[in-house]
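Here the structure comes first, spelled out in structure tokens, and everything after it is commentary.
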Amino acid sequence: LGKTVQLLAHLLAEKQNGRLKSPCLIVAPTSVLQSWRQEISKFTPKLTVLEAIGPDRQPLLADAGRADLILTSYGLVRNDVAHYAKLKLSHVVLDEAQFIKNAASQTARAVCCLNSPRRFCLTGTPIQNHLGELWSLFQFLMPGFLGSEQEFQRRFRTPIEDGQSPERRAILARRLAPFILRRTKEEVAKELPPRTEIVQTVSLSPRQGELYEAIRLAMESRVQEEIRGRGLARSQIVVLAALLKLRQLCCDPRLTHPEEKLSIPEDSCKLEALLELLPEMIEEGRKILLFSQFTTMLALIETALKEIAIPYVILTGSTKDRTEPVRRFQAGEVPLFLISLKAGGFGLNLTAADTVIHYDPWWNPAAEAQASDRAHRIGQDKPVFIYKLVAEGTVEAKILAMQEKKRDLVAGLLSEQPGHEMKLDAATLQDLFSPLT
């Protein structure tokens, strides 16, 4: 059973035993609230629900104390925190709890003000970028359990992420273990069909290669100048902006050079490869999820799909009605679902899909895996194939190598198994900005 159903079963048991004497506040991304409604209706209809959403929610909040469950979003709980802080809540549940990974954010501060003796964080990605995010989750769950943020950084984050102290990682893993219910998919869903990951490399076209080298040289020079003047730690924004440009060019030159007269798709190696893959897959009867981090790239793919008459639906942050594209895809009305990683990488059940394509790799392997799991989850009865399109010899190939190190770090911390650490140091930067190979 998934995290949502387990939590609802617990709350129902609390009510049946007379212990649910005040409401449980459930906070989730807006895009996931519909899933909560469906799960509550299906599995725990005896729990009364108040949906504190929409512009007319204020009168409803006056009666919030009578409900078993209060459903709201992260944005709204931040706005309504003064009201919720006055309520005595039995539980506070944060779904997709990585939304409070930044302890300094208004959202994280707001939920920490809530008055409840029992707190839960539900997330498949407790660590996305660094260990400070895990501290933020535990600061909500049990304030002070891991010390202050500065103490945690000195005692654990710095020595673990620098790879200088496997002992520190083991100590932290043991300290966290009693409070983490973590079950791998292999343990709980042995009946799931296999999943196969395929890295499909594509070579940059001559014109795309020239543009890549031009950007690489310019960005490398700018980054080195910034590091000399400000140091590596204070140059992160410039470094990430430079890497972003290289990643965008690997996707399609029009993302970085909209003014260039380019022959598309011939001057976009990845788009050309995609347009060769899709018709073959669709002819085979495949149902495909296509993820990209760049909504501008999805717009370019849309244009190309219309030219070759491939039907599709799309989901991005600007999609008003998320239910309809999901319904159409699940019903088999269209064979292709374009999804922005940020908007649809979690909270969706798309078991009609048997193929996932990641158009561009992301630093965080957990975010990619979570997106792939939209198809490979309970209810899936077909083998799932996951394709990663990678521009050969570019920064994308280096990101794949870094993903493996980050995956080892997270696995090592949560399971106490040995692993490798990663950090963005001078040697890593030199590798990322190296010439095309």
Side-chain angles (χ1 to χ4, degrees), residues 3 94 96-105 108 112 119-188 197 231-234 236 239-240 346 361-370 372-373 398-432:
K3 297 185 292 292
L94 303 186
E96 301 297 344
Q98 67 273 13
F99 270 63
I100 65 159
K101 65 184 179 182
N102 178 1
S105 68
C112 286
R119 301 183 175 195
F120 292 86
C121 285
L122 310 184
T123 175
T125 52
I127 305 169
Q128 292 191 327
N129 299 296
H130 55 75
L131 293 182
E133 298 168 351
L134 189 65
W135 179 87
S136 183
L137 268 62
F138 269 87
Q139 187 64 8
F140 160 76
L141 290 168
M142 296 183 289
F145 177 68
L146 295 178
S148 69
E149 192 169 9
Q150 293 74 22
E151 290 171 337
F152 179 78
Q153 180 154 342
R154 176 178 55 81
R155 293 181 62 200
F156 295 110
R157 181 179 169 184
T158 298
I160 291 172
E161 292 182 354
D162 284 353
Q164 298 174 352
S165 180
E167 296 84 5
R168 290 276 95 192
R169 185 181 60 200
I171 291 171
L172 179 59
R174 286 196 296 272
R175 186 166 178 77
L176 299 178
F179 306 101
I180 296 178
L181 174 61
R182 179 175 184 258
R183 302 182 305 167
T184 65
K185 184 173 290 186
E186 291 74 19
E187 291 172 326
V188 300
E197 293 196 4
L232 178 57
R234 299 176 64 187
Q236 296 292 312
V239 171
L240 293 174
F346 54 84
W362 180 231
W363 303 104
N364 177 18
E368 275 190 9
Q370 196 173 36
S372 299
D373 285 347
K398 312 229 175 18
I399 287 174
L400 282 185
M402 294 179 70
Q403 280 185 347
E404 290 304 316
K405 293 182 180 180
K406 181 171 280 192
R407 187 179 287 109
D408 285 347
L409 169 61
V410 175
L413 180 63
L414 296 181
S415 65
E416 295 192 62
Q417 295 299 315
H420 303 287
E421 289 74 28
M422 64 161 286
K423 65 173 185 173
L424 200 60
D425 53 19
T428 304
L429 280 180
Q430 185 177 1
D431 185 36
L432 288 170

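What you see below is based on every heavy atom in this structure, not just the backbone, and it leaves out hydrogens, waters and symmetry mates.
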Using salt bridge (Lys or Arg N to Asp or Glu O under 4.0 Å) as the criterion, list what pairs up with Arg119, not counting sequence neighbours. none

Heavy-atom closest pair (Phe140 atom, Cys121 atom, distance to 0.1 Å) is CD2-SG, 3.7 Å

Can you name the ring pair (Phe, Tyr, Trp, His ring centres under 6.0 Å) partners of Phe120, sequence neighbours left out? His10

Gln153 meets the side-chain contact (heavy atoms from CB on, under 4.5 Å) criterion, sequence neighbours left out, with Arg157, Thr158

For residues Thr123 and Gln98, report the shortest heavy-atom separation together with the two atoms involved. OG1-OE1, 2.7 Å

Here the pair of heavy atoms bringing Gln139 nearest to Gly144 is OE1-N, 3.3 Å

For Glu133, enumerate each residue passing the side-chain hydrogen bond (donor to acceptor under 3.5 Å, both in side chains) test, keeping only those at least two apart in sequence or located in another chain. Asn129

Could you tell me whether the side chain of Leu172 reaches within less than 4.5 Å of the side chain of Leu146, counting heavy atoms only? yes

Note: Gly147 and Trp135 closest approach over all heavy atoms is O-NE1, 2.9 Å

Is the shortest heavy-atom distance from the side chain of Gln370 to the side chain of Glu96 under 4.5 Å? yes

Residues two or more places apart in sequence or in another chain: which of them pass side-chain contact (heavy atoms from CB on, under 4.5 Å) with Phe179? Phe138, Met142, Phe145

Please collect all salt bridge (charged side-chain N to carboxylate O under 4.0 Å, His left out) contacts where either partner lies in residues 143-155, sequence neighbours excluded, each pair once. none

Atom pair CG (Leu176) and CG (Leu141), whose distance is rounded to the nearest 0.5 Å: 10.5 Å

For Ile399 versus Pro361, what's the shortest heavy-atom pair and its separation? CG2-CB, 4.3 Å

Looking at OG1 of Thr125 and NZ of Lys101, how far apart are the two atoms once the value is rounded to the nearest 0.5 Å? 8.0 Å

Could you report the tightest heavy-atom contact between Ala103 and Ala108, atom names first, then the distance? O-CB, 3.8 Å

